[in-house]
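Please read the structure below before turning to the comments.
In this chain, residues are counted from 1 in sequence order.
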Amino acid sequence: GQAFARLAEQLIKALHRTVLETIAATHGAIPGMRTAVIAMGKLGGREMTAASDLDLIFLYDFDERVDAYDGDRPLPGAQYFTRLTQRLLAALSAPTGEGTLYEVDFRLRPSGKSGPLATHIDAFAAYQANDAWTWEHMALTRARPIAGGKRIIGKIDWVIGKALSTKRDPKKTRADVLEMSGMIAAEKGGEGSWDLKQAPGGLVDIEFIAQYLELIHGAAHPGILSPETETVLANAAKAELLPPRDVEVLLPALRLYQALTQLLRLCVDGTFVPAEAPGGLLDLLARAGELPDFATLDVHLRETQAAVRTSFERIIGKLPAGSTT
């Protein structure tokens, strides 16, 4: 997962530089401009697979007092950075003879689809401080700037840290997290235990536990904050915010799910159906799960998911009535 993330980061950095040069050649450079790309989701958490898309946010800053550009076809500030973001999106997702490099998603930007494609750093900071919903701060726990200058990246890190270390109402936060979990369960459900992400007690449950702990304890214990789920759980355990019995369930479960997911994303296009899978793949999965055979792995997976769901309910609570379980 970290290798896939490092590869994506290097490609994004290279294309970011190239797009900046291309735009500047046509429209000039805006004085004092700074731009940055924030990785979210699997890329932000360094947990990418062979099939992962890129969840990104594009931020910019510039001296708005200056309106003298040096290009032949200058553009107003907001339009300039929107054009730049569009070029970066095209560079990352353009179809080629070798296929598409990445599917790219900018929906996690402030205000989602209704917001501008590129966001001013000050607007981003104000949104996170005043308008972001709990689920948006859950997503922000995985935010990580990966391309841009040191100055704007330093400011982004400060904005993210401030948003995640703000003191919150525990009851409201718990209710919001449970509501979000229930909505996902009702909308997507789980296609059996081998839907490793969405099954009750699956990967999403573990991620929600980590994000909940960050939002609840980030103000008093900022040291637990990290975009990586495993690091959050380990930090929470060291800070005695996560009981040993839950640590013993969640960390091995996370590693099991990630190992199996990496293999399935490489080998299976679509839904994995054990009864239809070749024996060689079942053997590979058993080996990835460090168990003697697939039948044993299948039982162990179900037991693990039941234990994770128990930890979820113990730490956060039970899902609202009507959610798919």
- Rounding to 0.5 Å, atoms CZ (Phe81) and OG1 (Thr119) come to a distance of 12.0 Å
- When rounded to the nearest 0.5 Å, the distance separating CG of Leu108 from CZ of Arg142 is 10.5 Å
- Message: Less than 3.5 Å apart, any donor N or O on the side chain of Thr85 or Thr82 sitting next to an acceptor on the other?
- Response: no
- Distance-only donor-acceptor check, side chains Thr296 and Asp293, under 3.5 Å: yes
- State, to 0.1 Å, how close Ala36 and His16 come at their nearest heavy-atom pair, and which atoms those are. N-NE2, 4.5 Å
- Message: Using side-chain heavy atoms (C-beta onward) and a distance below 4.5 Å, is Ile38 in contact with Ile146?
- Response: no
- Any salt bridge between Arg255 and Glu230, counting N to O under 4.0 Å? yes
- Item | Spatial distance of atom CG (Leu196) from atom OG1 (Thr261) [nearest 0.5 Å] | 4.5 Å
- Query: Are Glu9 and Arg144 close enough for a salt bridge, meaning some N to O gap below 4.0 Å?
  - Reply: yes
- Item | Val232 with Ile315, same ILVMFWY side-chain cluster at under 4.5 Å | no
- Message: Within the supplied structure, the quantity of interest is the number of heavy atoms (other residues, nucleotides, ligands) at a distance under 6.0 Å from Glu313 CD; does it exceed 12?
- Response: yes
- Check whether any side-chain heavy atom of Phe58 lies under 4.5 Å from a side-chain heavy atom of Leu117, and answer yes or no. no
- Item | Test item: Leu203 and Glu207 side chains (from C-beta on) under 4.5 Å apart, heavy atoms | yes
- What's the shortest heavy-atom distance between Phe106 and Leu56, and which atoms? CD2-O, 3.3 Å
- Task: Test side-chain contact (heavy atoms from CB on, under 4.5 Å) on Glu179 and Thr134 and set out the steps.
- Result: CA-CA 10 Å; Glu179 181 182 11; Thr134 299; over 6 Å; no
- Item | Cationic tip of Arg309 above Phe312 ring, under 6.0 Å, 45° of axis | yes
- Message: For a side-chain contact (heavy atoms from CB on, under 4.5 Å) check, start with the C-alpha distance between Gln198 and Val204, then their side-chain angles and the critical distance, and finish with the verdict.
- Response: CA-CA 6 Å; Gln198 302 292 350; Val204 169; 4.0 Å; yes
- Does a salt bridge link Lys171 with Asp169, judged by any charged N lying under 4.0 Å from a carboxylate O? no
- Heavy-atom pair of closest approach, residues Thr100 and Pro95: OG1-CA, 3.9 Å
- Query: Would the Trp158 and Phe124 ring centres measure less than 6.0 Å apart?
  - Reply: no
- Item | Any donor-acceptor pair under 3.5 Å from Ser181 side chain to Val177 backbone | no
- Task: Taking the side chain as every heavy atom from C-beta outward, state whether Ser93 and Leu89 have any pair of such atoms under 4.5 Å apart.
- Result: yes
- Message: Using the rule given for side-chain contact (heavy atoms from CB on, under 4.5 Å), can you reason through Leu43 versus Ser52, listing the C-alpha separation, both sets of side-chain angles and the distance that settles it, and then say yes or no?
- Response: CA-CA 8 Å; Leu43 174 56; Ser52 293; over 6 Å; no
- Query: Backbone N or O of Val159 within a donor-acceptor pair of the Gln128 side chain at under 3.5 Å?
  - Reply: no
- Between Lys172 and Asp176, is there a side-chain N and carboxylate O pair less than 4.0 Å apart? yes
- Heavy-atom nearest pair, Glu228 first then Gly45, reads CG-O, 3.4 Å
- Can any side-chain N or O of His221 pair as donor or acceptor with the backbone N or O of Gly223 at less than 3.5 Å? no
- Query: How about Arg287 and Phe294: do any of their side-chain heavy atoms sit closer than 4.5 Å?
  - Reply: no
- Regarding Glu47 and Thr229, is there a side-chain donor-to-acceptor distance under 3.5 Å anywhere? yes
- Output the distance between atom CD1 (Ile160) and atom CG (Leu225), rounded to the nearest 0.5 Å. 10.5 Å
- Counting N and O atoms only, with roles assigned by atom type, does the side chain of Arg109 sit under 3.5 Å from a partner on the main chain of Pro116, one being a donor and the other an acceptor? yes
- Query: Can you tell me how far CZ of Arg151 sits from CD1 of Ile121, rounded to the nearest 0.5 angstrom?
  - Reply: 11.5 Å
- Query: Would you call Val37 and Ile57 a side-chain contact if the rule is heavy atoms closer than 4.5 Å?
  - Reply: no
- Leu266 with Leu7, same ILVMFWY side-chain cluster at under 4.5 Å: no
- Query: So, Tyr60 versus Arg34: side-chain donor-acceptor pair below 3.5 Å or not?
  - Reply: no
- Message: Let me check something: do Val299 and Leu285 share a hydrophobic cluster, defined by ILVMFWY side-chain heavy atoms less than 4.5 Å apart, either directly or through other members?
- Response: no
- Output, in order, the C-alpha distance, side-chain angles, deciding distance and verdict of side-chain contact (heavy atoms from CB on, under 4.5 Å) for Ile224 and His217. CA-CA 8 Å; Ile224 72 169; His217 300 294; 3.9 Å; yes
- Are Arg314 and Asp246 within salt-bridge range, i.e. N to O under 4.0 Å? yes
- Message: Under a 3.5 Å distance rule, please check whether Thr141 uses its side chain to pair with a backbone N or O of Met138 as donor and acceptor.
- Response: yes
- Message: Any carboxylate oxygen within less than 4.0 angstrom of a Lys/Arg side-chain nitrogen, looking at Lys197 and Asp205?
- Response: no
- Message: With a 4.5 Å cut-off on side-chain heavy atoms, are Leu250 and Leu242 touching?
- Response: yes
- Under 4.5 Å between any side-chain heavy atoms of Tyr257 and Val308, yes or no? yes
- Item | Minimum heavy-atom distance between Leu59 and Ile152, given as atom pair plus value | O-CD1, 4.2 Å
- Gly41 to Asp55 - nearest heavy-atom pair and separation: CA-OD2, 4.1 Å
- If you count the non-hydrogen atoms of other residues, nucleotides and ligands that lie under 6.0 Å from CG in Asn130, is the total more than 12? yes
- Message: Taking Met48's backbone N and O only, do any of them form a donor-acceptor pair with Gln262's side chain (distance below 3.5 Å, no angle check)?
- Response: yes
- Message: Looking at Glu136 and Trp133, would you say the former's side chain and the latter's main chain have a donor-acceptor pair under 3.5 Å?
- Response: yes
- Message: With rounding to the nearest 0.5 angstrom, report the CG to CG distance, Leu241 to Leu233.
- Response: 11.5 Å
